[in-house]
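Below is one structure, written out as structure tokens, with a few remarks after it.
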Amino acid sequence: MVNTYQNIRHVLIFMFLIATFWGCKKLVEVDAPITSTNGENVYENDATAIAVLNGVYIKMSSFGPTYGNYMNGFMSFYAELSADNLTLYDGVSNPSYSAYYMNNLQSSSSPNIWLNTYPVIFVLNSAIEGLSNSKYLTPAVRQQLLGEAIFLRAFNYFYLINLYGDVPLVLTSDYKNNAIIAKSSKQDVYKQIVSDLDAAKKLLTSSYVGGDAKTITSEKTRPNSWAAAALLARVYLYTGDWINAEKQADSIIMNAGIFSLVDLDEAFFRNNSEAIWQLQPVNVGWNTQNAILYVIPSTGLNNDHPVYLSNNLLNSFELGDNRLTHWVNVYTDTTVVPSKNYFYSFKYKSASLDAPVTEYETLLRLGEQYLIRAEAKAQQEKISGATGAIADLDAIRTRAKLLGYNGLTDKASVLSAILHERQVELFTEMGHRWLDLKRSGYINSVMGSACAEKGGSWNNNWQWYPLAQSELKLNNKLVQNEGY
Amino acid sequence: MPVEEVLMLCFKNQALSYEIENNTVIISRKTTAEGLSPRLVLDVAAPPITGVIRDADGKPLSGVNVVIKGTKIGVVTNADGTFSIDAKPGDKLVISNIGYIAQEITISNQNLGLISLTVNTSLLDEVQYIAYGTTTQRLNVGNVTIVSGKDIQKQPVGNPLLALEGRVPGLFITQTTGLPGSGLSALIQGQNSIGKGNDPFYVIDGVPYISQLLPNVGKMLGNSGKNLSQSGNPLSFINPSDIESVTILKDANATAIYGSRAANGAILITTKKGKSGRTKTDINLQQGWGKLTRNLRLLNTQEYLIMRHEAKRNAGLSGASPSDYDINGLWDTARYTDWQKVLLGGTAQYTNLNATVSGGNTNTQFMIGATYQRETTVFPGQFADKKGAVHFSINNVSSNQKFRIQLTGNYMIDNNLLPTNDLTSSAMTLAPNAPPLYNADGSLNWMPNSSGTSTWTNPLSYLYNHYTNITTNLVTNALVSYQIFPGLTLRSNFGYTNLQSNEIATYPLLSSSPENRPNTDRHGDYGSNNINSWLVEPQLNYTQPVWKGKLETIVGTTIQKNNSKGQQLYGVGYNSDQVISDIRSASTIGVSSSTDATYKYNALFGRFNYNLLDKYIFEINARRDGSSRFGVENQFHNFGSVGMAWIFSQETFMVEKVPFISFGKLKASYGTTGSDQIGDYQYLNLYSPVTAGVPYDGNQGLAPNGIPNPYLQWEETKKMNLGVDLGIFKDRILLNVNYSLNRSSNQLLNFSFPSTVGSNVSAQNFPATVQNSSFEGYIHGDLVKRKNFTWSTSINLTVPKNKLAAFPNLSTSNYANTLIVGKSISIFRVYHFLGVDEATGLYQVADAEGKSTMTPRFPDDATVVINSLPSFYGGFENNFQLKKFQLNFLFQFVKRIGPNYWLGTFTPGRARYNQPSYVSDRWQNTGDKVSHQKFDPNFSFFGPWSNASGSDVAYSDASFIRLKNISLSWQLPDNVTKKAHFQFIQFYFQGQNLLTISQYKGLDPETLSSLSLPPLRMYTMGLKLGL
């Protein structure tokens, strides 16, 4: 029996030893991995806070699968495919191209621009929250970054409502709320965009700053207060606030010291004086996605170079329009008899690998501001004279070596002249044509015939893209757009 | 002086005795009364009967039951094998122990001396490795299946898990592709977690092993389970030839001691150990050939051209467009190529060479093995997976049997060279009149048109893109134990694993079409991953007789740390194709991803097993776990189980009334286990780099990883298991039936959020409950047992059932449209297919009211629920032995529904894609009653086609019966073998996946994919030699 007691004592001692091995919190505590930065510190350090915004620019600018073809040429490419400016080459087998081109999108179609946009809005909302609460950033840097984030949020929402109609207005990073958020009306989203842009305009300085978010630079790769004003002008125009649209556009155009119209061939150069905001290309060896998509190489059209300009667009150019010679180029296919000419957009010209980077993706430019001011004035019946709509229109026409408009006096003719001018000035840029058709109300008539030419038939519901099926599955508060 | 004399002198007047067996001196405590005076002997009224029990090798056996027959008086032997029992001469002692044949001894004198037990060869008494110990089927309380190494080594496979297919009730294994190193998913008793990992817990020789690799480059290998960024399977780096046995632990009793990591069951792999005896050398040489299991009937050129022309006509197009190379005269329309034959019709070579040396004496045993394995692909070109593996094991026990040490190591070098693309999708979709692969001069034919544009992507160009994966894997452990006093042993397991893989995928210019080369950069992806872990697991084992039974206690603690580090780089801009393997030659180098994760784990565990007279067994398992994967609030959690078994065949009434039932056991267990397969750092708010080739404004970016959840808790699975084990007619027929009911709650849901949330949200605990119930049956019969002929057969069957038992507020959660309470969690919600409209020739689906629609809305109109889980699966095995011949074959069967390839790919007729021959039954004229819609190149036909592919017609019966394995061997007669100075010589044939019976409308019913390589049919011949 003595033995048993001894045994039990031994057992207890060893159990105690084992228990001491265990239960120490240190044994299950780990530091944050070196590959990441702890969220609490990101907005307390200039470099990491700047990097968050840089992450957004990189995602917007890069192409290829990594960050999902977002705000670079692709967004504008798909919107242009939907409109009447392009013809899709019939040897293209990419179903996404066909779907956008034939306006025959399904809720399962990809890419769905919505799916790529909201993640960026999340980063921006997180940044706005983080920057608003941060204590240790250099004040100027904090103000600049906050302005950029708010501006970028407005910019993204502008495209969302113009492509999808009513969309959920997500303004926080609170996922519980955002997971079951319903759509807001376009008016409400526009209201938010305007208030964001007003705020951004105040926060941002009028000069361009560089990678450290404070040193003044010639690069126009970060938005400044003029960029906010330029987008604001566009938003006011889209919402029918003609007075404010004119006012904002006016403020930019009148700043001749910073912005001026440049030669057609230079309009998309990096940091040219017409540009208000540009994205710097981030893919090694390449200039812009725009050039790669539109410029047809000597080997002809294929999946990588899938489109050429539609007859409809080509026929819109007036005789002698220099934009037809400087912004449009031709590829001749000699493999067929008779040989066939394909005209393509040549605004961005540098499409070869390892060429020096001379062109930046231009998101906002002065030319558009002239057209905004012209339209805003026309709507207010300010038609002729040195400060009238025609004068603004003629400024754009003169650059294209076209004669000015004479004798146009009635509002309706001027507005239709402006719509025409927008088509030939802004083709293959930032989805302008698709957006213009919608807001002008001409979409059904224009697309009715364009769609027939493409080999389909237009459905009035197709002006809004469908929500992705995955979104509907995951949030039952969302309602699919009509017609899908 | 002779040894005997020395020993005699030494042990004179000592309380120890010695004896000499062979060349070993065995020293033991004096067990006889010879040292006591005769008077003293007489003084003891009834001296206890003593004896020492050993096995056939002379090793003492502890814990042996010694019972006086007809009474309940019994004792168990001590660690040195001795026992002492109050009995009188003439009584009969029943001596029984797990794994040994019971003996009856009539007491003739007071000291019974040495009693030796022989090993029982009954399946019921074979040793089973379980968590932290061993048991037998006879005494096991848990639901456990063992697959022996012999069965694994009958199968020419590169991943030991593949050898378990069809053999284990409750285990469902699916291979993702037929490539060497392929991903595979293993599910034990169904899918417990809706959104997180469902991998079993793998343990190799006591050391936990990873179930997933790190994010890597080799995407064509396919995923293991649901993880999208990781491909391949870590068990590919374990050599099947080195395995002694694999134990699959299923219920709570078997797994609760593994606590948080075993909610999805556990798979224990035990490698081979040396045995004492003469030094033996075994050599195994095997060569085999693999082919595709089945081809799919696609359109031939004639049918294909009819499809293409008819499509043009249907669209009102007069002729072929310039890009319709297949029909505009550029490609030869008289040509026919069976692309499956050309691209996938090759023969894969399989070579396996293995040699082991083992031996030892009673104190020390060793085993050393080496294996070389090479497996090529069915693709054209020189691709091969080459493996070299070394295995060793050394055991030592001190002469006093107190100190034991065992060192085991498994090391493998794997060099896997594959193309970066699986050619299967090319083989399935290339036009049958596509151009020849080669030009007359032997160069690749790109079939350029007159402007020099290539008119097709030559599939062989993919073969220039090479993927090389060099992985070295070390799994090693040391087990040290010391017996402090009889019954109490302190043990500790020390483990170390290190898996290092280096991958290179190269994309030379040669793989691009000639005209695109000026605009294409040569590039390469370079991955380097390392996962290492160490483990210290001290334990106390205490065996003690308590009342009339035996109590075995294990108490231990685990300290474990895993470090995962990985980096994937890319290089762009090389000036020649030859230098891409060296990233230094790149003009631009970037990092595409990096991994750095530490996982720490600490636990306290215990098991209490009380065995009362080998009749009633009670077991409690408990574990308290701490894991770094959880936030500070919830780092620790408790898990445990209770189990009991009643061996009713030991009851007198059974022995007397139902003598044909030789063994009968009822068992039940209930307990909790958990899962922490959620990834590391989920509770931290982290930002990761966003990088671009050219930094923006000179800087790279950062972005939040996701939305953190600091309140992460453990997912908990409650498992209940009821089982019956029966042995009938002297265990000639063995029957195991288990019913299990597992409920996983507190689900760590990896919520799929709508994109408006904008980011991954780390898992949330949700009060949803997933219930898996399964019926598992296994029957084994020794049908014929003659001297020269034996025939045994076994069948296993699993009927699994999975359902979402509860999901509060499902309708407002974002799972509202994907899950349904009461249905399985692996469902697809699809439209109901209404066939082809006779008037328009287009596919129609039904809306919620059942009316035909062209624009169904999800989910309202998705009225059909497809359950993709198998409704039953199992295996049927037969084993024949006729003199020196042995034949074994295994059929695997699965009953289930899966996605098919019946609709073809991307609207038949539209583009230059070949289609399965099903599409030929298509609409041509108004009123046609046909299965497929009309051929049309117009994009608007994509809508009805994609509606149909989201309907119930896209899912159909994918059941199959597969002759998984056949093995035939012949051993040369002994006289021949002896003359040649061999221990044995055996010739054998093995086959894998030889025959598949299936109605599946697609390429392979196992992978359920028609665009990736199916598992191969493999024939091998081999020779085994024993020296």
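In the text below, chain A, chain B and the rest are named by the order of the sequence lines, each starting its count at 1.
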Problem - Interatomic spacing from NZ in A:Lys176 to CZ in B:Phe753 - rounded to 0.5 Å - result: 8.5 Å
Problem - Heavy-atom contact with chain A under 4.5 Å, split by part of B:Ser454 - result: neither
Fill in the blank from the handout: Scored by heavy-atom pairs under 4.5 Å with chain B, the best of A:Gln480, A:Lys477, A:Glu219 is A:Gln480
Practice task
Walk me through it: do A:Asn178 and B:Thr756 pass the test side chain to side chain donor-acceptor pair (under 3.5 Å)?
Solution key: CA-CA 6 Å; A:Asn178 299 342; B:Thr756 45; over 6 Å; no
Handout entry: Atom group of B:Ser594 that falls short of 4.5 Å from chain A, counting heavy atoms
Key = both
Fill in the blank from the handout: Per-residue tally against chain B (heavy atom, under 4.5 Å) across A:Leu472, A:Thr334, A:Asp90 peaks at A:Asp90
Problem - Proximity breakdown for A:Thr221 and chain B, heavy-atom pairs closer than 4.5 Å - result: both
Problem - Atom group of A:Ser173 that falls short of 4.5 Å from chain B, counting heavy atoms - result: backbone
Handout entry: Test item: B:Pro704 and A:Val123 side chains (from C-beta on) under 4.5 Å apart, heavy atoms
Key = yes
Handout entry: Per-residue contact mode, A:Leu478 against chain B (heavy atom under 4.5 angstrom)
Key = neither
Handout entry: Any residue meeting salt bridge (charged side-chain N to carboxylate O under 4.0 Å, His left out) with B:Lys600, in chain and number order, not counting sequence neighbours
Key = none
Problem - Contact class of A:Trp286 relative to chain B, heavy atoms under 4.5 angstrom - result: side chain
Exercise for the section: Below 4.5 Å from any heavy atom of chain B, which atoms of A:Tyr484 appear? Answer side chain, backbone, both or neither. Expected result: backbone
Completion exercise
If one checks every heavy atom of A:Val167 against chain B at 4.5 Å, the contacting part turns out to be neither
Exercise for the section: Go through B:Gly950, B:Pro518, B:Gly758 and name the one with the most non-hydrogen pairs under 4.5 angstrom from chain A. Expected result: B:Gly758
Problem - Inter-residue atom distance A:Asp354.CG - B:Ser587.OG, 0.5 Å rounding - result: 6.5 Å
Handout entry: Interatomic distance, B:Thr588 atom OG1 to A:Asn283 atom CG [nearest 0.5 angstrom]
Key = 11.0 Å
Practice task
Mark yes or no for whether A:Glu471, through its side chain, and B:Ser755, through its backbone, hold a donor-acceptor pair below 3.5 Å.
Solution key: yes
Completion exercise
Looking only at B:Val757, B:Thr598, B:Asn449, B:Asp324, most heavy-atom pairs under 4.5 Å shared with chain A are made by B:Val757
Problem - Sidechain-backbone polar pair: A:Gln280 side chain, B:Asp697 backbone, donor-acceptor under 3.5 Å - result: yes
Exercise for the section: Name the region of B:Tyr601, side chain, backbone, both or neither, that has any atom closer than 4.5 Å to a heavy atom of chain A. Expected result: backbone
Handout entry: Exam field: side chain A:Asn476 to backbone B:Asn817, donor-acceptor pair closer than 3.5 Å
Key = no
Handout entry: Partners passing side-chain contact (heavy atoms from CB on, under 4.5 Å) against A:Thr299 (at least two apart in sequence or in another chain)
Key = A:Pro297, B:Thr453, B:Glu515
Handout entry: A:Ile180, part contacting chain B, at a heavy-atom distance under 4.5 Å
Key = side chain
Exercise for the section: Among A:Val284, A:Thr172, A:Leu53, A:Asn302, single out the residue with the greatest number of heavy-atom pairs under 4.5 Å to chain B. Expected result: A:Val284
Practice task
Report the option among A:Val170, A:Asn41, A:Asp304, A:Val52 that has the most heavy-atom pairs separated by less than 4.5 Å from atoms of chain B.
Solution key: A:Val52
Fill in the blank from the handout: Heavy-atom nearest pair, A:Ile58 first then B:Gly701, reads CD1-N, 3.6 Å
Exercise for the section: Search all heavy atoms of B:Arg910 against all heavy atoms of A:Val92 and return the closest pair with its distance. Expected result: NH2-O, 4.0 Å
Exercise for the section: Check whether more than 12 heavy atoms from other residues, nucleotides or ligands sit under 6.0 Å from atom CG of A:Asn303, and answer yes or no. Expected result: yes
Handout entry: Between CG on residue A:Asn54 and OH on residue B:Tyr696, distance to nearest 0.5 Å
Key = 8.0 Å
Fill in the blank from the handout: Residue from A:Ser457, A:Pro168, A:Ala179 scoring the most non-hydrogen pairs under 4.5 Å with chain B is A:Ala179
Exercise for the section: Please tell me if the side chains of B:Tyr687 and A:Ser126 come closer than 4.5 Å, counting only heavy atoms from C-beta onward. Expected result: yes
Handout entry: Atom pair CG (A:Asn104) and OG (B:Ser946), whose distance is rounded to the nearest 0.5 Å
Key = 9.0 Å
Problem - Proximal component of B:Pro695, with respect to chain A [non-hydrogen, under 4.5 Å] - result: backbone
Handout entry: Region of B:Phe630 in contact with chain A, defined by heavy-atom distances below 4.5 Å
Key = neither
Practice task
Report yes or no: does B:Asn699 contribute a side-chain atom to a donor-acceptor pair with the main-chain N or O of A:Gly211 at less than 3.5 Å?
Solution key: yes
